[in-house]
Structure formats: structure tokens, C-alpha cells
Protein chains: 2
Amino acid sequence: MTRASAKAATIHEIAKRAGVSIASVSRALNGKPGISEGLREHILAISREIDYRPSAAARQLISGKAAVVGISLGRKDIELRPYYILLYQHLTLALHRQGMVPVFFAHDQTARLPDSAGAAILLGEFPGDAREAWLGERQVPCVRVGESPSGFSVGLDERHGLYLATRHLVERGRRHIVFVGGELASPHKHLRLMGYRDALHEAGLEERLLSLPHEVVDASLTSYRYLNRWLVSLGKASTEPGHDLAFDNLPFDALACATDELALGCLAALEDHGIGVPQQVAVTGFDDLPTLADQLTTVRQDIEAVAERAVVLLGEALAGKPAQHVTLPVELMVRQTS
Amino acid sequence: MTRASAKAATIHEIAKRAGVSIASVSRALNGKPGISEGLREHILAISREIDYRPSAAARQLISGKAAVVGISLGRKDIELRPYYILLYQHLTLALHRQGMVPVFFAHDQTARLPDSAGAAILLGEFPGDAREAWLGERQVPCVRVGESPSGFSVGLDERHGLYLATRHLVERGRRHIVFVGGELASPHKHLRLMGYRDALHEAGLEERLLSLPHEVVDASLTSYRYLNRWLVSLGKASTEPGHDLAFDNLPFDALACATDELALGCLAALEDHGIGVPQQVAVTGFDDLPTLADQLTTVRQDIEAVAERAVVLLGEALAGKPAQHVTLPVELMVRQTS
DNA sequence: CTGAAAGCGCTTACAG
DNA sequence: CTGAAAGCGCTTACAG
């Protein structure tokens, strides 16, 4: 990439450099027939050289419709989460940089998508999710954010992420590490569970799950309630009547949570029971949500990179290139809760 | 609005109908000088009649840059809420219909906004919010969603909304109605509190507040914890030892919550204490969040209409018209919690 | 295979 | 105040 020139290079610039007409340049750039391979190669090389970017506006003007990308959301209860807000923001930005216009679609409006959008980014998979197949039938190029058995997709190394978090807890001397997660049926959550298991088995420790219900109004509230309930029952079972909380000998010393939101709920419950973090119990999350997770030891995913890659892949899908899956790395952020 | 025609009307269509040149149409549409008021009115009328929508592509092609609208967010802890996700979606849609491109900005990146965006929509006001003044100085037209002392803005009848909810509780025979709200410093939350007071005073009842802290990771979790704490203390104060919950004689019979999320937390706390809703305690919310508030008696705000109006106002701001504030009505939705 | 030209919808100097 | 014309960057018949 050369320096950002004052004026973006146009098709004319390429034509001039190649000594051909703009028609040929257009044909070469768009993979249209009716041009010799040699010339095409030459033109493509020049366009790469000067970092040519087509004008979305001009293309729209001709085609009569904007390069609208439908962002198809997941189920309502899932999509209303902080993580998605961040993803929206970055997708919007990344699409705009490519001259594309983002428009949101609820997942159950997928049928209306092909009318107004020429491509789609699929978010929030769920059991029985038929959007990808449906769009595929209608030849709408699309990219999925998350794991996908086929087609274009960009995902995270979820399994490795929870492995890192759990191994970190082991390294800190924790021996009774509980996995806190809901929706274990959900594919990527399941991957996180597997990462937890990887680390536990490696250390020869036994697994223990705090499994949360599937339908959830609020992840933090849910994890709070479940952990609280557990702690209350532990207190009741204690031998000291009156002083209902005997947490000197907790059956766990760490909570590896599937998301930051779950971790936040757990932290609140521990706090309300006067349990020291990380002294008595260490807590880890996943996502690294800004502001909310500032204190939390967690697995950072680069949401901006996810959005960026999704848009790049969408470009390839539109160009008819073969499908591919990209897995982005994650990073352990050690902070104050472990 | 006429039926969606196969081909969108262009400036030529208007010119033909008005019997003028496209140049005059363009001038009229863009509020440019050099055209008689009579002609301008006439052209504007026709354009309204045929529901003319300018081609963003054509405009971009000329200006060299897209009609980017910066959507400036509020503070992180506020913006990561379901309400904002819904607002984003509708704003994106509404902007797209007008050929504008949405791009998100964190509130602390407002300084970077004028470089890439020609207008802005401001979300999530907060104490010391200087964005509006800052953009005003730099002549960036903007519209605020929420109350605003000056400039363009679109808000809700918040005060009337909570008045409606509270009056409804009174009509249902409730006499000890608690207002549950956080951030009472926030302008629009304060309006909701005032609506609550209006209804209570009208009924000659005494007010009682459950005031939540300002900095909140999660609204539902926070209201849950505070209500739970209160209920536990009530139980402890009871005369029946062992059976620590004596809720036959609660000091309140209704909770008027400032948001749906707060209401959801309260419902969870009541449920965990075995308190019947609405038999023993009625609960109301505000916002009518999809899915989350399906069972809740709440005050519905039309988020789509808010987005729509914001975009219309932005158009007027761009056209240099005088600032105005629009207040949208709200509606009481009586459901199962009251 | 290659090029000259028209045209997508709009704005804006430039003439009247 | 009003209009004819050029041009934004690109695609696509239409001729060679």
C-alpha cells in the first residue's frame, strides 16, 4: 500500500499507465470476458501497484443500487448484548471503508434481505439456523461471523482461549476450577468448554460445571443468581448456625467463565458473600468488553479485526473466489481477578 | 407516500413535472440561493408528492465523499445496552433510506468526526457532555436523541410515560408504589421520576424511592441486588425467626421502574423470594424492549419512530432550517405484571 | 480482443 | 432568477 494520495487513483490513471482504454481496464478489473489474459494480468498488476480502489458511488450509480450489505442478526435474546454493539460498530466502520453500506436485518427477516442487499454478513448462529443455506440457494454471497461448517466465515480460536485462561488458573495454583457457562448447546460456547477441559485434563484436575439455563434475560443476572444460590446452599450446609456463611473451605477456588458478562455476575455474587477475589476465588472471563471488563482477567478477542476480516472475506465472496474460513487468535489478559 | 414505483423518481422527473430545468430542481432541493421562493415551493411540493429520494451515489460521485453521518455514542457503560442496539438498527435503516451512510463514533472520538462525517446524530447524553457545543462551533449539523436545551433534538414524553405507568398502578388499587431508578442525575431519568411524582401527588400518595448507584455494570443485576438486599433486611426484621421471610405485610405493593432492565432485575428478586407478581407486588417498566419485556407491563416507546424523526430532523439541519425539538408520544402497555 | 461513446443522477460553474 | 452543458468514476452496448 502506497501512501494515501490526495486524490484516489481512478480507472483512468490505470488506463493511462497501461496505455489502454478505460473499457479494457474495467473489463480486466471485473473479471469480464473479452480481454486477453496478458493484458488483464498487466492491468491487475498496475492496479495493485497504485492501490486502486473502485469508487462505490460510481458503481452504485450505474447499477442503480448501493452495495448494501445486510447484517443479519441472531436471535433477539442473544443479539441484545454488549458484544454485538461493539461488533456492529466495527462492521459499520469496516464496510464504510470499502464503500459498502450496512443495513441491519433481524434473522427472521432474512427473506427480505435479497431484495435490498447484494450480500450479507451473518451474526449469531443458533440451533436450526437456516440462513446460510437459504442465502446460498439464492446466490447471495455471505460471510458468517463464527464457526461454520462451510462457506466463508471468520471465527476465533475459542477453544484455545479458554484453554489459556484455565491453564493460567492452574499455574496460579488453583485446583478446583469451575466452568461457568450457559447454552452449552451453542457451538462456540461448546468450544470454550472444550478448551477448559483441555487444560484441566492436561493438569490432571477434575472438571466441574456450573451450567446455566439456555433462555436468559440477562447473562450477568443469571450467573449471579445461580452462583448465589449455590453459595447460600453451601452456607446452609455449614455447621455454624446463625453465621450462615462458612466460606473458609469452599469447594472451588476459581471460576472460568464463558463470557465476561457471566464473570461480572459471579464477581458480584462473590462480593455479596464477602469472598475475596482473587485471594479465595479467582475469576476469568472471555471477550474483554471495554469498560465492563477493565479489571477482569479475561481472554481478549479483537473485535475490530473480526469485523475487518469479515469484510475482506465478503469481498472475496463477491468476487466469486472459493470459500474459506479464517480463525483469529485470542490473547490472555491477566488483570486483577486472578 | 405513493406506491413504491419500479424506478425511483429522479430529479429529471421533478423537472419535467414542474416544467423547469434540472438545475433549478437541484437548487430548490438543496436550499441553494438563486431561485425564486415560488418556484422553490412548487418544486418542493412536487418532490414530496412523488416521494423523491435523492441518489446518494450520484451525490457522492460529485462530492467525492459519501454522505456520512457520524453516530456519536454515549459513555461506554451506558451505550452497551439493549436499547442502543435497537436504536442503532433503526438509525442505520432510516439513514440508508435517505442515502446516508452511518458510521459509529465513541463519544470521546468526537474530535475525529468532522474529518469523515458531514453531520452527526448524538446519542446518550451525560453530565458534562460538550459534544453538541463542540460540533456547533465547527458548523457540523447535528441532531440529538433525547432532551436538549437547544439545537435539533428528538425526545420522548418521558415524564408522561412514567405518569401513565404510575397512575395505572394507582388505578389497580396500589397504594405503596416505589420508584426504582438509578442515575437520577441523568436528565431523562429525572423526567421519569417527575412523572412518577405527578401521579403520586395526584392520588395523594407518598413517594418512596429505591435509588440505585450511578456506575453500573448491568442494570438488571443492580436492581436485583438492591431489591434483594432490601427484601433480606425486611425478612431479618421480621418476628419469625428461622422462617426469615415474612412478606405477608410488605411495605410496598408496586414497583414503578425507570427502565425495563431494572424491572427485569426486580422481577427476578421477587421471584427468588417467592413474592407473587402481580398479586402481592405489581411491576412496571419503560422502553418495551422486544423479547425481554414481552410479559411486562411497560411504557412503550417507538424506537423506529425516534430514529426516523432524527433522520428527518438531520435533513432539516443540513438544509439550514431553524432548530426544533420533537417530542414523541409514548404508550402504556398493560401486560402480566400489573 | 479493443476502443470510442453514451449514460447512471446529480451539482456547479458559466452564460444568459 | 433560470437553463444548457460539463463532469464526477464507472460499465456496457456498439462498432471496429
Side-chain angles (χ1 to χ4, degrees), chain A residues 5-44 46-47 50-68 98-101 118 318-319, chain B residues 5-44 46-47 50-68 96-101 118 315 318-320:
Chain A
S5 41
K7 265 189 190 325
T10 71
I11 208 180
H12 289 97
E13 172 69 14
I14 301 178
K16 202 169 70 183
R17 295 205 188 201
V20 297
S21 73
I22 59 165
S24 292
V25 175
S26 175
R27 283 190 273 260
L29 255 21
N30 296 294
K32 299 261 164 161
I35 185 173
S36 66
E37 257 331 292
L39 220 200
R40 160 166 283 140
E41 288 301 317
H42 184 209
I43 288 172
L44 253 25
I46 292 177
S47 102
I50 64 177
D51 192 30
Y52 168 76
R53 288 161 187 259
S55 154
R59 284 187 167 164
Q60 289 173 216
L61 192 52
I62 292 161
S63 68
K65 54 183 187 179
V68 173
Q98 294 304 315
M100 296 169 150
V101 178
L318 282 164
Chain B
S5 40
K7 262 188 190 329
T10 72
I11 208 180
H12 289 97
E13 172 70 12
I14 300 178
K16 202 170 71 183
R17 294 204 189 202
V20 299
S21 72
I22 60 164
S24 292
V25 175
S26 175
R27 282 189 274 260
L29 255 22
N30 297 295
K32 299 259 165 163
I35 186 172
S36 67
E37 257 330 294
L39 221 199
R40 161 167 284 140
E41 289 300 317
H42 185 208
I43 289 173
L44 254 24
I46 292 175
S47 100
I50 64 176
D51 192 29
Y52 167 75
R53 286 157 190 263
S55 155
R59 284 186 167 164
Q60 288 174 218
L61 191 52
I62 293 162
S63 68
K65 55 183 186 178
V68 174
H96 175 242
R97 276 195 287 269
Q98 294 303 313
M100 295 167 151
V101 178
L318 283 164

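Chain A is the first sequence line, chain B the second, and so forth, proteins listed ahead of strands; every chain is numbered from 1. All values below come from the heavy atoms of this structure, side chains included, with hydrogens, waters and symmetry mates left out. Fair warning: this is a prediction, and the values are worked out from it, not measured in the lab.
- Residue-to-nucleotide contacts include no donor-acceptor pair under 3.5 Å from the side chain of B/Arg53 to the base of C/dG9.
- Remark: the separation of the C1' atoms in C/dG16 and C/dT12 is 16 Å, to the nearest Å.
- Comparing the same atom, P, in D/dC1 and in D/dA5 gives a spacing of 23 Å after rounding to whole Å.
- Counting heavy atoms from C-beta on, the side chains of B/Val20 and B/Ile14 never come closer than 4.5 Å.
- In this structure the side chain of B/Ser26 reaches within 4.5 angstrom of the side chain of B/Ile11, judged on heavy atoms.
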Strand DNA chain D in bracket notation, Watson-Crick/G-U under 3.5 Å with | for pairs to another chain = |||.||||||||.|||

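- Contact annotation for A/Val25: no contact, since no heavy-atom pair falls under 4.0 Å across all strands.
- Comparing A/Leu39 and A/Ile22 by the nucleotide of DNA chain C that holds the closest heavy atom to each, the one mapping nearer the 5' end is A/Leu39.
- Residues B/Leu29 and B/Tyr52 have side chains in contact (heavy-atom distance under 4.5 Å, counting atoms from C-beta outward).
- For the pair B/Lys32 and C/dT12, the criterion of a side-chain N or O lying under 4.0 Å from OP1 or OP2 is met.
- Rounded to whole Å, atom P of C/dG3 lies 13 Å from atom NE2 of A/His12.
- Of the side-chain N and O atoms in B/Ser26, one or more sit less than 4.0 angstrom from OP1 or OP2 of C/dT11.
- Contact check, B/Ser21 against D/dA4: no side-chain N or O comes under 4.0 Å of OP1 or OP2.
- Taking the P atom of each, D/dA6 and D/dT2 are spaced 23 Å apart, rounded to whole Å.
- Going from atom NZ of B/Lys16 over to atom C1' of C/dG9 covers 15 Å, rounded to whole Å.
- A donor-acceptor pair under 3.5 Å is formed between the side chain of A/Arg40 and the backbone N or O of A/Arg27.
- If you check C/dT2, D/dC10, C/dA4 against the side chain of A/Ser24, the one that comes closest is C/dT2.
- Shortest non-hydrogen contact noted between B/Ala28 and B/Ile35 is CB-CD1, 3.8 Å.
- Distances were taken from every side-chain heavy atom of B/Ala23 (C-beta onward) to each of C/dT12, C/dG3, C/dC10; the shortest belongs to C/dT12.
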